[in-house]
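So you know, we letter chains A, B, ... as the sequences are listed, proteins then strands, and number each from 1.
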Amino acid sequence: MKFKFVPVDYDYFDFEGKNFVRLVGRTDKGVKVCVIDSYEPNFWIVLKEGCDGKADAIARKIGKISVEKASRVTKVLRTEVVKKKFLGKDVCGIRVFISNHKDAHDVASEIGDIEEIDKRREYDIPLITKYIKEKKVEPLKWYEVEGDVLDVNDFGGLGGAIDLDVCVKAEKIVKIDELDFVPKILAYDIETSDSELGKGDVLMISLYGDNFKKVLTWKKCDDVQDYVETFEDEGDMIEGFVKAVKEFDPDILTGYFSDGFDLPYIKAAAQKNKVKLSLGIDGKVPSFTRGRIPSGKIPGIVHIDLYRFIDAVFSQYLQSETLSLNEVAKELVGEKKEDFDFRKLKDMKDGDWKEFFSYNLQDSAVTYKLAQKIWPDIFEFCNIIKEPIFDITRDRMATHVENHVLHNLDRFNEIAEKRPMHNESSERKMMGKFGGADVFEPTPGFYENLVMFDFTSMHASIIVSFNISKATLCDGSGDCHKTPEFELDGNNVSYCFEKKLGFFPTLLAEVVEKRKKYKKEYSENKNAMTKARSNAYKLLANATFGYQGFFGARYYSREAAASTLAFVRKFTGDTINKIRDAGYTIIYSDTDSIAFLQNGKSKDDIMKFLEEINNDLPGIMELDLEDFYKRGLFVAKRGVKTGAKKKYALLDDKDKIKIRGFETVRRDWCKLTRGLQSEILNMILHDGDEKRALKLTKETVSKLRNREVDLGDLMIRTQLKRPLDEYLSEGPHVIAAKKMGEDGVPISVGMLIEYYIGENGGKGKLVRDRVFLPDEKALYDMDYYLNSQILPAVENIFDVFGVDIKGIVDGETQQKLF
DNA sequence: GGATACCCTTTACC
DNA sequence: ACGGGTAAAGGGTATCC
């Protein structure tokens, strides 16, 4: 048969010692189908220079190798001698086809001692990545598939096991023009009697999709909502869950933190109740891939933990201080979850259960809406990186950059570099840091009429303009780009990069070009898809510099990363000098941005000046106008007169305020402090005068002294970054977390710990001795909140206006006392 | 035993 | 284990006299 097909999920299996790829996707008629495709596993051998003549003989020798493993024998099936490139250099390659990808490493080891062999490569690339790279059957693209319908007994019964109407063995897969694909998304969420994994029961499971909402439970109560289905017990409910998923037939099953909670919890509950969680299209139960964070995989359905994608890729766009479903959903889809008081769990009445069901359904509904909102971004990442959705939603940026390179290497006839071995990446990690960008020390003050310039995608444009990469690093003998001299590990160095374009900078040039193109497309046609496309290219471009300096990268190059930064320092420094020489006063600069005073010049003059600077910039480098600002405030560091870096507030021409670095934007300061400072900055920037700000500060201080401040405004929130026993220094938040642990709250890495500082009858001098949890009753420590919160946050702002706020407040204290 | 320099830790900026 | 470096700041700890 023949049909149009879009691959959604990828998987592979062995049959008679050979690898087969299983694609699950949809036809243009919306039918879910399974396509089995063959794959010939292979890896590469790179011969030493001058050994080309012996290539055929070596290939024949290798062709006879077979490796015996416990369960199977892997044979070299055939070899091909091919002219290839490795790191941009011409090499003689031998492609070694073997019977099973799992043994690629062993076969590669087996032939390691042949003298003419320089390198063995691509045995460490995952099978699905190799398959997509070589056969170009890419996720979410459209193909015409021709093949035979699978017989029930084909592939050892696999044909019969798959619960889909159409399952074929592909004969031909041909790319066709893109058609629409709207995935069927089903969101789920569970509520449990104990938040610790596996300790309690699953009380209910909610599901939400297009025209589909259900809450499954075994808690019996009268007069429930019509979406509630009541089961006999937990096991029955889980079977009901499997049935409901099958009934909906989703492409994507999604949860929020479901890799770490919902799916493993349900799986454990299924085992406990001896029921089979057969969610897979082949009746198999979800499996969890090994790794730092386990990933829940369901055969034939893409399981997406939205939290993972948001954490790895999306969070840098968000304002949210935490990545809780509540906060993220509020920001992205404008939905606020309804609250449920979990303390009620101890003694639930019928009404409470109904409230709980509704809460549970809300979570799934919000997750569903979030998935719909983020789908364009997932889709674009799949399109650009060419990895399956499952991986796209879990990989971090370094992996995305690397996969993007891997999937494009064929265009350059390149053999892929290997992943660093453990000892190699440890060595890289141990190498000291290399010098980064410069930050200009501002003079504290209140300024008017400022301009800010910044370089567009500075690091990326430097990598492209100077062809900087591992493969193009050279000894400087030929035609090349030379970095400025800079210090590295105590020595003055300079590196050279060939002018002949390398694959890595070329790919980045394409990414930067596409980012520009799609940014324009977005500005002309604003919608979720154009925005996602533009954003994805931006993220990819920005992560590429970090990738070259990342110890785990295949194309790691410390020289490349350090050289990029040397150019960053040079061009920003030169531009600062140019602006200063033109008669402007430099106020501030950080990495790729420069702020200076207009000094009476018109905006037109400044735009002309910008154009002049741009005419002198090499390659694709570009300086851009960030904005004009009416006013700007720069303060001193605490306790000294010198200006603080990375801390300023600006007011633009549209009266919009931009605050950087101040306590206002730091989540580990209490609401009272942040609110006060933010209002003060607003008053000062808008009115240009500090008198109202002074009045507000005095009012806040007296409120604090009269104990009129709400305890909720005094909570300090700090994230727990490691397990409790790994802390060398026991700060207040560590003590707070320990207290929580004693109260029976499960403590986990990544949690936001909330506490306040209270009076403790003079016991202990340290702050940590005065830590109280939100539900602990105590008088707040007035002295602490005055001297360690409010005053430090406003002091250096008032300093700029010559107002000694501490003196004024202390003076009033004296007055009061006498 | 009190001042202080230094280390540890978190969070921000780009 | 899953970009990078630079910086401010608080609080704990070690060390000095």
Heavy atoms under 4.0 Å, any strand shown: does A/Gly552 hit a base, just sugar-phosphate, or nothing? nothing
Contact class for A/Tyr784 (heavy atom, under 4.0 Å): base, sugar-phosphate, or nothing? sugar-phosphate
Return each pair, listed once, that meets salt bridge (Lys or Arg N to Asp or Glu O under 4.0 Å) where at least one residue sits in residues 551-562 of chain A; pairs must be two or more places apart or across chains. A/Asp124-A/Arg554, A/Glu402-A/Arg554, A/Asp489-A/Arg558
Looking for any heavy atom pair under 4.0 Å, which part of the strands does A/Lys637 touch: base, sugar-phosphate only, or nothing? sugar-phosphate
Can you give the dot-bracket line for DNA chain C, where a pair is Watson-Crick or G-U wobble with both atom distances under 3.5 Å, crossing pairs use [ ], and | marks a partner on another strand? ...||||||||||||||
Counterpart residues, ring-ring contact (aromatic ring centres under 6.0 Å, His included), relative to A/Phe662 (two or more places apart): none
Using distance alone, with no hydrogens and no angle criterion, decide if A/Gln548 and A/Ser469 have a side-chain donor and acceptor under 3.5 Å apart. no
Those residues that, when tested against A/Tyr785, pass ring-ring contact (aromatic ring centres under 6.0 Å, His included) (two or more places apart): none
Report which part of the nucleic acid A/Glu730 touches: base, sugar-phosphate, or nothing (heavy-atom distance under 4.0 Å, all strands). sugar-phosphate
Kindly determine whether A/Ser320 and A/Glu327 satisfy side-chain hydrogen bond (donor to acceptor under 3.5 Å, both in side chains), including the steps that lead there. CA-CA 6 Å; A/Ser320 310; A/Glu327 229 179 313; 4.6 Å; no
What residues, two or more places apart in sequence or in another chain, satisfy salt bridge (charged side-chain N to carboxylate O under 4.0 Å, His left out) together with A/Asp783? none
Whole-Å gap separating P (B/dC13) and CE (A/Met452): 12 Å
Donor-acceptor pairs under 3.5 Å, side chain of residues 663-670 of chain A to any protein atom, not counting sequence neighbours: which ones?
| from | atom 1 | to | atom 2 | distance (Å) |
| --- | --- | --- | --- | --- |
| A/Glu663 | OE1 | A/Gln677 | NE2 | 2.9 |
| A/Glu663 | OE2 | A/Arg638 | NH1 | 3.4 |
| A/Glu663 | OE2 | A/Arg638 | NH2 | 2.8 |
| A/Glu663 | OE2 | A/Lys647 | NZ | 3.4 |
| A/Thr664 | OG1 | A/Gln677 | OE1 | 2.6 |
| A/Thr664 | OG1 | A/Ser678 | N | 3.4 |
| A/Arg666 | NE | A/Asp668 | OD1 | 3.3 |
| A/Arg666 | NH2 | A/Asp668 | OD2 | 3.2 |
| A/Arg667 | NH1 | A/Glu321 | O | 2.5 |
| A/Arg667 | NH2 | A/Gln719 | OE1 | 3.1 |

Could you list the residues that satisfy salt bridge (charged side-chain N to carboxylate O under 4.0 Å, His left out) with A/Lys514, not counting sequence neighbours? none
For chain A and DNA chain C, what are the first and last nucleotides along the strand, 5' to 3', with at least one atom under 4.0 angstrom from a heavy atom of the protein chain? C/dA1 to C/dT13
Would you give a per-nucleotide map of nucleotides 5-11 of chain B, 5' to 3', where B means the base has a protein non-hydrogen atom under 4.0 Å away, S means only the sugar-phosphate does, and - means neither? ---SSBB
Given B/dC14, is OP1 or OP2 found less than 4.0 Å from the side-chain N or O atoms of A/Tyr648? yes
Under 4.0 angstrom, heavy atoms only, what part of the nucleic acid is A/Ala398 near: base, sugar-phosphate, or nothing? sugar-phosphate
Across all chains, not counting sequence neighbours, the salt bridge (charged side-chain N to carboxylate O under 4.0 Å, His left out) partners of A/Lys538 are none
The side-chain contact (heavy atoms from CB on, under 4.5 Å) partners of A/Arg660 (sequence neighbours excluded) come to A/Tyr648, A/Lys658
How many Å lie between CD on A/Glu626 and C1' on B/dC14, as a whole number? 11 Å
Pairing residues for A/Pro294 by the side-chain contact (heavy atoms from CB on, under 4.5 Å) criterion, not counting sequence neighbours: A/Phe288
